[in-house]
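Below: the structure, in structure tokens.
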Number of protein chains: 2
Amino acid sequence: MATQDRLIESTQELLWERGYVGTSPKAIQQRSGVGQGSMYHHFTGKPDLAAAALRRSAEQMRAVAEADLAGPGTAHERIAAYLHRERDVLRGCRIGRMAQDPDVVADPQLRAPVEETFDWLRGRIAGLIAEGQAAGEFAAAADPADTAAALVAVVQGGYVLARAADSAEPFERAVRGALGLLAAHRAD
Amino acid sequence: MATQDRLIESTQELLWERGYVGTSPKAIQQRSGVGQGSMYHHFTGKPDLAAAALRRSAEQMRAVAEADLAGPGTAHERIAAYLHRERDVLRGCRIGRMAQDPDVVADPQLRAPVEETFDWLRGRIAGLIAEGQAAGEFAAAADPADTAAALVAVVQGGYVLARAADSAEPFERAVRGALGLLAAHRAD
DNA sequence: GTCTATACCCGGATAGAC
DNA sequence: GTCTATCCGGGTATAGAC
């Protein structure tokens with residue numbers, strides 16, 4: 001693997017595990033096996049490398065979500081597949097985690113991939129809900145964009161509750177609860 | 001105000017703004033106006049002081065939530081009041097934020113107040129939902145604990161989406177979306 | 001109780017040799 | 001491209017004087 005890729009991949013992992021403030025250049029060098037000079041040759045510094053890592057994580061998250069959302073089945077089934085996807089719940093969301101870090105939120109280069117990912121995800125799910133409404137699969141009363149925001153929030157908040165409890169259970173409850181409420185909306 | 005209280009209060013603020021890793025003893029001393037020696041006289045170190053600050057924040061969060069949840073009105077109205085409470089959305093939740101920090105999650109002293117707060121909140125809301133079901137106000141199909149977890153997760157996840165977007169809008173959408181789904185569950 | 005001095009390692013980066 | 005040396009400040013604390 002190319003040196004840049006090893007740096008980016010190690011940075012992705014560390015950002016996920018320890019956040020932006022908690023991730024040091026030295027730790028990145030150790031995990032990637034890339035030396036100091038080499039790292040600063042390929043990237044101008046920590047923010048630059050973190051931005052590259054976040055862009056890649058955002059791409060990957062999008063691809064993984066799209067795999068479920070574009071799958072077979074009704075809108076409800078595809079949303080349920082997304083929510084029930086197997087996850088390492090206690091690790092949390094590598095993109096959502098960044099939203100807690102003030103240094104990330106303050107830097108447009110770092111915040112952009114985070115913002116874009118959630119904008120896309122909310123829009124994608126809102127589209128599915130609208131589709132389901134058009135097909136008579138959901139009641140038409142709910143606003144698709146609001147409902148989509150709620151569903152995405154349940155996942156992100158589910159991670160918070162799971163980490164707080166040091167157990168995946170609250171995440172699973174939240175997802176079941178959300179799908180239960182959504183089911184009540186089905187037109188049939 | 002007593003020296004301890006100034007230290008605790010400043011630590012509460014800094015933990016909220018910058019998280020545990022992002023909060024240094026030096027910053028606490030500067031914000032509180034308390035000197036180095038004084039700080040280490042009253043607390044054994046950063047974890048000790050952070051634990052005291054988190055316990056206090058947990059108490060306060062609980063009191064604020066209880067004010068809405070124990071208010072007048074039906075179960076649905078009280079839950080809606082809690083969800084719609086005026087918030088400085090972009091600041092996020094001072095307790096939920098801690099769940100992202102690996103050093104907090106790894107230290108039982110620090111994680112305990114976080115875990116207890118969310119356990120209490122989920123239980124309190126689950127009780128309200130059960131009450132509403134008994135009164136015929138909600139359909140009996142939904143599991144109260146699951147639904148409560150979903151509602152709490154919507155709030156926590158709403159903060160994540162809002163900070164990602166640098167706007168309160170996604171939070172408000174998520175709350176509206178959740179209440180919209182909940183409304184569909186009303187027995188009438 | 002509070003102050004100043006001191007310690008030691010880490011964070012984040014630059015410089016210049018190879 | 002990569003390595004080692006060097007820099008300066010900050011993080012987190014201890015020691016001992018007042």
Side-chain angles (χ1 to χ4, degrees), chain A residues 1-56 97-98 100-111, chain B residues 1-56 97-98 100-111:
Chain A
M1 188 165 37
T3 302
Q4 281 101 325
D5 287 328
R6 280 190 294 148
L7 283 167
I8 289 179
E9 206 165 283
S10 299
T11 305
Q12 286 182 282
E13 292 172 14
L14 283 163
L15 288 177
W16 196 354
E17 291 166 21
R18 314 221 19 103
Y20 184 76
V21 260
T23 296
S24 69
K26 178 172 296 192
I28 294 169
Q29 291 152 29
Q30 279 163 353
R31 182 164 306 203
S32 63
V34 170
Q36 180 101 327
S38 196
M39 186 192 120
Y40 281 102
H41 172 77
H42 291 291
F43 296 93
T44 67
K46 172 172 157 171
D48 185 31
L49 184 42
L54 286 186
R55 281 194 296 270
R56 187 170 296 185
R97 183 192 211 303
M98 297 300 124
Q100 297 301 327
D101 203 306
D103 293 1
V104 169
V105 168
D107 181 340
Q109 291 277 329
L110 295 175
R111 189 168 64 78
Chain B
M1 188 164 41
T3 301
Q4 281 101 326
D5 286 328
R6 281 191 294 145
L7 283 167
I8 289 178
E9 208 166 280
S10 298
T11 305
Q12 287 182 279
E13 293 172 13
L14 283 163
L15 288 177
W16 196 354
E17 291 166 20
R18 315 222 16 104
Y20 183 77
V21 261
T23 295
S24 69
K26 179 172 296 191
I28 294 169
Q29 291 152 30
Q30 278 164 354
R31 182 164 308 202
S32 64
V34 170
Q36 180 101 328
S38 196
M39 188 193 117
Y40 281 102
H41 173 74
H42 291 292
F43 297 91
T44 67
K46 172 174 161 174
D48 185 31
L49 184 42
L54 285 186
R55 281 193 296 271
R56 187 170 295 183
R97 184 194 207 305
M98 295 301 124
Q100 297 300 326
D101 203 308
D103 293 2
V104 169
V105 168
D107 181 340
Q109 291 278 327
L110 295 175
R111 190 169 64 79

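By convention in this document, chain letters (A, B, ...) are assigned in the order of the sequence lines, proteins followed by strands, and residues within each chain are numbered from 1. The model shown is predicted, which means the values in this text are computed figures rather than measured ones.
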Rounded distance in Å - [atom1] ([X]) to [atom2] ([N]):
X	N	atom1	atom2	result
A:M39	D:dT2	CE	P	13 Å
B:L49	D:dT12	CG	P	12 Å
A:D107	C:dG12	CG	P	14 Å
B:L14	D:dG11	CG	P	11 Å
B:Q29	D:dG11	CD	C1'	11 Å
B:K46	C:dC9	NZ	P	19 Å
B:F43	D:dT14	CZ	P	16 Å
A:Q30	C:dG12	CD	C1'	14 Å

Go through [options] for me and flag the one nearest to the [X] side chain.
X	options	result
A:T3	D:dT12, C:dG12, D:dT2	D:dT2
A:K26	C:dG12, D:dG11, C:dG11	C:dG11
B:Y40	D:dT12, C:dT2, D:dT2	D:dT12
A:Q36	C:dG11, D:dA5, D:dT2	D:dA5
A:S38	C:dG12, D:dG10, D:dC3	D:dC3
A:H42	D:dA13, D:dG1, C:dA13	D:dG1
A:H41	D:dT2, C:dT2, C:dA13	D:dT2

Would you call [X] and [Y] a side-chain contact if the rule is heavy atoms closer than 4.5 Å?
X	Y	result
A:H41	A:T3	no
B:M39	B:K26	no
A:D101	A:V21	yes
B:H42	B:I8	no
A:P47	A:Y20	yes

(request) Tell me which of A:G37 and A:S24 sits closer to the 5' end of DNA chain C, going by the nucleotide each one is nearest to. (result) A:S24
